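Before any comments, here is the structure.
We count residues from 1, following the sequence as given. Everything numeric in this text was worked out from a predicted model, so none of it was measured. These numbers come from the heavy atoms of this one structure, side chains and all, not from hydrogens, waters or symmetry mates.
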Amino acid sequence: MDQHKHYIAAQAKIFKALGHPSRLLMVDALRGGEKCVCDLQALVGDDVSTVSKHLAVLREAGVVTSEKRGTNIYYSLALRCLETFLACTGDLVRRRILEQLPLLEKK
């Protein structure tokens, strides 16, 4: 039972890492291939220090990997199953929006 709790805690760490909008935005961008920190910083709009901290959380959780090339650090998705998960959650969000449209049109 104790091993199961550790297993669940490790999974929760992944969900927690994905639980911030900026981190999720970066992960979504990485679905299209690797990106350097400068690209992710421009996407998120935060300072480099904040983006680096977000990326460290994602790396620590095993969601992304990094590779240094010259003066740049490039990130890519390590957790490939996120493609399916993000597509699934995206479909859910779209369905909810479509369900609410008729209610908004009545107002």
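- When all heavy atoms of A78 and G62 are compared, the closest pair comes out as CB-O, 3.6 Å.
- Every side-chain contact (heavy atoms from CB on, under 4.5 Å) that E60 has, sequence neighbours left out, goes to K13.
- Distance check, rounded to the nearest 0.5 Å: NZ of K5 to CD1 of I8 gives 11.0 Å.
- One distance of note links CG of L25 with CG of L43; it measures 4.0 Å at 0.5 Å rounding.
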Expected list for residues 44-52: side-chain donor-acceptor pairs under 3.5 angstrom, two or more places apart:
from: D47; atom 1: OD1; to: S49; atom 2: N; distance (Å): 3.1
from: D47; atom 1: OD1; to: T50; atom 2: N; distance (Å): 2.9
from: D47; atom 1: OD1; to: T50; atom 2: OG1; distance (Å): 3.2
from: D47; atom 1: OD2; to: T50; atom 2: OG1; distance (Å): 3.1
from: S52; atom 1: OG; to: V48; atom 2: O; distance (Å): 3.0

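- Side-chain contact check for H6 versus D2: some heavy-atom pair is nearer than 4.5 Å.
- Screening residues 87-103 for salt bridge (Lys or Arg N to Asp or Glu O under 4.0 Å), with sequence neighbours left out, gives D91-R94.
- Every pair passing ring-ring contact (aromatic ring centres under 6.0 Å, His included) that includes a residue from residues 39-72 is listed here, sequence neighbours excluded: H20-H54.
- A continuous path of Ile, Leu, Val, Met, Phe, Trp and Tyr side chains, each step under 4.5 Å between heavy atoms, connects F15 with V27, placing both in one hydrophobic cluster.
- Applying the side-chain contact (heavy atoms from CB on, under 4.5 Å) rule to E34 yields the partners R69, Y74, S76; only residues at least two apart in sequence or on another chain are considered.
- In this structure, Y75 and L40 approach most closely via the heavy-atom pair CB-CD1, 4.3 Å.
- Considering every non-hydrogen atom in both I73 and S66, the closest pair reads CG2-CB, 3.8 Å.
- If you run side chain to side chain contact (heavy atoms under 4.5 Å, CB included) between R23 and each of V64, L55, L18, V57, only V57 comes through.
- Taking R59 as the reference, nothing meets the salt bridge (Lys or Arg N to Asp or Glu O under 4.0 Å) condition, with sequence neighbours excluded.
- Closest heavy-atom contact between T89 and L86: OG1-O, 3.2 Å.
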